[in-house]
Each structure stands twice: as C-alpha cells, then as structure tokens.
Peer 1: 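This structure is in structure tokens; I'll ask about it shortly.
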Amino acid sequence: YLSALQQSDFSAVTRYKSTPTAFIYDEGRNTYTPSNFGGRYTNEFIDLRQAIAQSDNIYAVNTIMKIGADQVIAMARKLGIYSEMKPLPSLALGTFPVSPYEMASAFSVIANQGVRVSPTAILRIEDADGKILFEASPQREKVMEPAAAYVLTTLMESVFDQGGTASRVAQILKRPVAGKTGTTNTDSWMVGFTPELSTAVWVGYDRDRKISSMESRKAAPIFAEFTERTLAAIPPKVFPIPDDVVNLNIDPMSGKLAGADCPNTRMEAFVVGSEPVEYCSEPASEGTPGGTDGDGVNAGAGSDGGGKDTSWWGDLKRWWND
C-alpha cells in the first residue's frame with residue numbers, strides 16, 4: 001500500500017470489489033485465487049481504509065496486480081526488509097517469512113515520516129568509571145516522501161476502530177496508534193507504532209506447529225499492553241502532518257468530494273495530487289444513516305471484534321481520560 005500511495009492515481013478512496021476473484025499472472029500462464037477468512041466478502045466496492053481495517057485480501061491482491069510486485073519488493077528493501085521475496089501476487093498477503101526484527105524496523109520508517117534509521121542493539125558501552133568505550137551512531141536515510149508515510153499512518157489507525165481487526169484492544173490504548181494485524185494457521189502478528197515507538201509482536205511456534213484460535217488472539221493484547229506500559233510516562237502525541245498532505249471531506253460511497261447534498265461524509269488525508277476533484281451529487285434522503293464499515297479479516301485471521309467511539313472527540317477523551 002505504501003508503494004501504491006506514491007502513485008498519483010491511487011489514494012485512500014481507490015475502490016475494488018470485495019468478491020471472490022481469480023487473478024491471472026505470468027502472461028496468462030498462472031492463476032491465483034485468494035480468499036477472505038471464513039469466506040467473508042462485502043460483494044461491494046470498498047476503499048483502502050476499509051480494506052486495511054478489515055484486512056481484505058482481494059483488495060490487497062488487486063493493488064499489487066496494479067502496481068507490480070517488483071515495486072513492492074523494492075519498497076521493502078528501502079524499509080530494511082532483506083528476507084527473500086518473489087514477485088508473485090501472493091506477496092500481497094505476506095506469503096514469504098519476515099522476522100519481527102525486520103518488521104519493527106520497517107514500520108519505524110513509516111512512523112518516522114520516511115526516514116530510516118539503522119536498527120541498533122547497543123547504544124553505548126561504559127566502563128566501571130563511566131568512561132564511554134563505545135557509542136553507536138546510527139545512519140539516517142530518507143527513503144520515501146513523508147506525505148505517503150503519513151497517509152498510510154492515518155489509514156492504519158482504522159485497524160483499532162469499530163469493525164477493525166484490532167478493535168477489541170482499542171480501549172487499552174490511550175494515545176494515537178497505527179498498526180496492522182496478521183494471522184495464519186501457524187502464527188499471529190501485531191505490528192504498529194506511535195510517534196515514538198515501533199513494536200512487532202509475533203506469537204507462534206518455530207517449527208510450523210498450528211496455533212489455536214485462542215493463541216491467534218494474543219498478539220494484539222500484548223502489543224497494546226506493551227505500548228501503554230512502555231510509554232506510560234510520555235504524554236499522548238498526534239502524528240505530525242507533513243507538507244504535501246491535504247485533508248478533505250469525501251463521500252465514502254463514491255470516493256468523491258463531499259458536497260452539500262452528500263448524505264455521508266468522512267475526513268480523509270491525501271498526498272497532494274492524488275485527491276479527488278469531482279463532487280458527490282447524490283441528494284440526501286430523509287433518515288439516511290451515516291456510513292459504516294463492514295466486517296472482514298485476513299486470510300487465516302479471525303476478527304478481533306469489539307468496537308469503540310470513533311469520533312474525534314471520543315478519541316480525545318479516551319487518550320487523555322486516564
């Protein structure tokens with residue numbers, strides 16, 4: 001998604017239909033047919049925010065087919081992921097093993113607005129008298145534009161919203177957090193970050209032993225508890241908005257700008273140049289409800305369930321209340 005967001009024709013309102021799909025690749029010689037967990041599909045067009053929140057696999061594969069798997073691998077290398085990956089449609093669903101170390105490092109680049117800092121295990125070594133024997137000087141390198149990193153961050157915050165795959169731990173978190181869950185038959189992930197801290201949690205067995213449904217739900221609570229305890233003495237901070245980002249009210253149903261007659265609206269962030277220019281013109285009908293997100297989860301992943309007040313004021317009260 002980070003690779004896609006750096007293209008002017010892809011944004012948070014890009015829509016694909018969540019329905020069983022067979023993808024043809026390798027110049028027509030092969031077919032890939034992914035599925036959503038439990039066969040859950042909206043059978044409607046969904047946008048990127050809904051796809052990330054609910055881990056819709058069909059949307060993910062549509063995206064990698066559009067931009068090309070080679071670009072995704074190139075982006076992963078920039079973020080510090082050097083594990084073996086092959087340019088296949090299934091790459092979009094994480095079919096190649098990556099270590100928690102690499103995942104935490106890669107997500108930290110997004111949190112750091114596109115600047116990669118070399119992972120460092122030892123910061124400083126002192127002798128018994130306090131004399132510094134060694135002090136690390138991690139290299140810093142800008143590997144992407146801050147705008148794309150920020151837009152992806154706002155989208156990944158939806159993972160903790162009602163209907164998102166980590167919504168059940170939202171009440172534990174008292175600060176803005178972005179993240180992504182992932183579960184297979186043999187392991188469970190929760191990787192995410194705040195403006196100060198990037199964390200990867202992996203739950204599983206080293207020898208491909210299957211995990212139980214109970215074990216598959218452990219990563220998100222571990223992530224939430226660790227994040228809050230680690231940052232307990234640090235006041236909540238919002239993710240800073242970089243230049244080249246514009247926030248606009250859009251109509252979630254059409255992906256167009258929200259006009260006076262649009263029944264539902266949502267504030268969305270865009271990389272400048274990728275924002276919609278057409279307005280929604282559908283008249284509002286009396287009693288039209290607000291837009292909602294449906295349910296869906298990653299391949300082999302169970303929904304975390306739960307929910308929270310997703311209003312701006314509700315978030316502020318939750319972050320600062322305790």
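On a predicted model such as this, the values are computed, not experimentally measured, just so you know.
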Peer 1: Taking NZ, NE, NH1 and NH2 as the nitrogens, is one of them in E44 or K17 under 4.0 Å from a carboxylate oxygen of the other?
Peer 2: no
Peer 1: Identify the heavy atoms of Y32 and P89 that sit nearest to each other, and give their distance.
Peer 2: CD2-CB, 3.6 Å
Peer 1: For V159 and I52, run side chain to side chain contact (heavy atoms under 4.5 Å, CB included): C-alpha distance rounded to whole Å, both residues' side-chain angles, the deciding distance at 0.1 Å, then the answer.
Peer 2: CA-CA 7 Å; V159 169; I52 288 178; 3.9 Å; yes
Peer 1: Go through the steps for V177 and F223 under the test side chain to side chain contact (heavy atoms under 4.5 Å, CB included), then give the verdict.
Peer 2: CA-CA 11 Å; V177 182; F223 170 87; 3.7 Å; yes
Peer 1: Passes side chain to side chain contact (heavy atoms under 4.5 Å, CB included), N30 versus I24? Steps please.
Peer 2: CA-CA 6 Å; N30 289 291; I24 300 173; over 6 Å; no
Peer 1: Going hydrophobic residue to hydrophobic residue with side-chain gaps under 4.5 angstrom, can you get from V109 over to I81?
Peer 2: yes
Peer 1: Would you say the ring centroid of F193 lies under 6.0 angstrom from that of F239?
Peer 2: yes
Peer 1: Might you confirm whether atom CD1 of I122 has over 12 heavy atoms from other residues, nucleotides or ligands at distances under 6.0 Å?
Peer 2: no
Peer 1: Identify whether the distance between the nearest side-chain nitrogen and carboxylate oxygen of R124 and E126 falls below 4.0 Å.
Peer 2: yes
Peer 1: Any chance you could measure I211, atom CD1, to S188, atom OG, to the nearest 0.5 Å?
Peer 2: 5.5 Å
Peer 1: Does the distance from a Lys or Arg side-chain N to an Asp or Glu carboxylate O, for E141 and R116, drop under 4.0 Å?
Peer 2: no
Peer 1: Which atom pairs, one a donor and one an acceptor, fall under 3.5 Å between side chains of residues 7-14 and the rest of the protein, sequence neighbours left out?
Peer 2:
from	atom 1	to	atom 2	distance (Å)
D9	OD2	K66	NZ	3.0
S11	OG	V13	N	3.3
T14	OG1	S11	N	2.9
T14	OG1	S11	O	3.3

Peer 1: Taking N112 for the side chain and V115 for the main chain, is one N or O donor matched with an acceptor at less than 3.5 Å?
Peer 2: yes
Peer 1: Does a donor on one side chain and an acceptor on the other come within less than 3.5 Å for R175 and T194?
Peer 2: no
Peer 1: Considering non-hydrogen atoms only, spot the tightest contact between N43 and P20 and give its length.
Peer 2: OD1-CD, 4.2 Å
Peer 1: Atom CD1 of I73 and atom OG of S83: how far apart are they, to the nearest 0.5 Å?
Peer 2: 11.5 Å
Peer 1: Verify whether one side chain among E145 and Y150 offers a donor that lies under 3.5 Å from an acceptor in the other.
Peer 2: no
Peer 1: Any idea which heavy atoms bring L93 and P34 closest together, and the distance?
Peer 2: CD1-CB, 3.9 Å
Peer 1: Given 3.5 Å as the limit, does a donor-acceptor pair link the side chain of S212 with the main chain of E215, or not?
Peer 2: yes
Peer 1: Are D187 and R209 within salt-bridge range, i.e. N to O under 4.0 Å?
Peer 2: no
Peer 1: How far apart are the closest heavy atoms of M75 and S3, and which atoms are they?
Peer 2: CB-OG, 3.2 Å
Peer 1: Indicate whether the side chain of T95 and that of K86 have a donor and an acceptor atom separated by less than 3.5 Å.
Peer 2: no
Peer 1: Count the heavy atoms belonging to other residues, nucleotides or ligands that lie under 6.0 Å from CD of Q139, then report whether that count exceeds 12.
Peer 2: no
Peer 1: Among the clusters formed by ILVMFWY side chains lying less than 4.5 Å apart, do F96 and I67 turn up in the same one?
Peer 2: yes
Peer 1: For D206, is the CG atom crowded, meaning more than 12 foreign heavy atoms sit under 6.0 Å from it?
Peer 2: no
Peer 1: Closest approach of A200 and M103, non-hydrogen atoms and distance?
Peer 2: CB-CB, 4.3 Å
Peer 1: Might you point out which heavy atoms bring N57 and S35 nearest each other, and give the distance in Å?
Peer 2: ND2-O, 2.8 Å
Peer 1: Ignoring hydrogens and angles, state whether a donor on the side chain of D251 or N264 is under 3.5 Å from an acceptor on the partner side chain.
Peer 2: no
Peer 1: Go through the steps for Y16 and I46 under the test side chain to side chain contact (heavy atoms under 4.5 Å, CB included), then give the verdict.
Peer 2: CA-CA 6 Å; Y16 291 115; I46 63 173; 5.7 Å; no
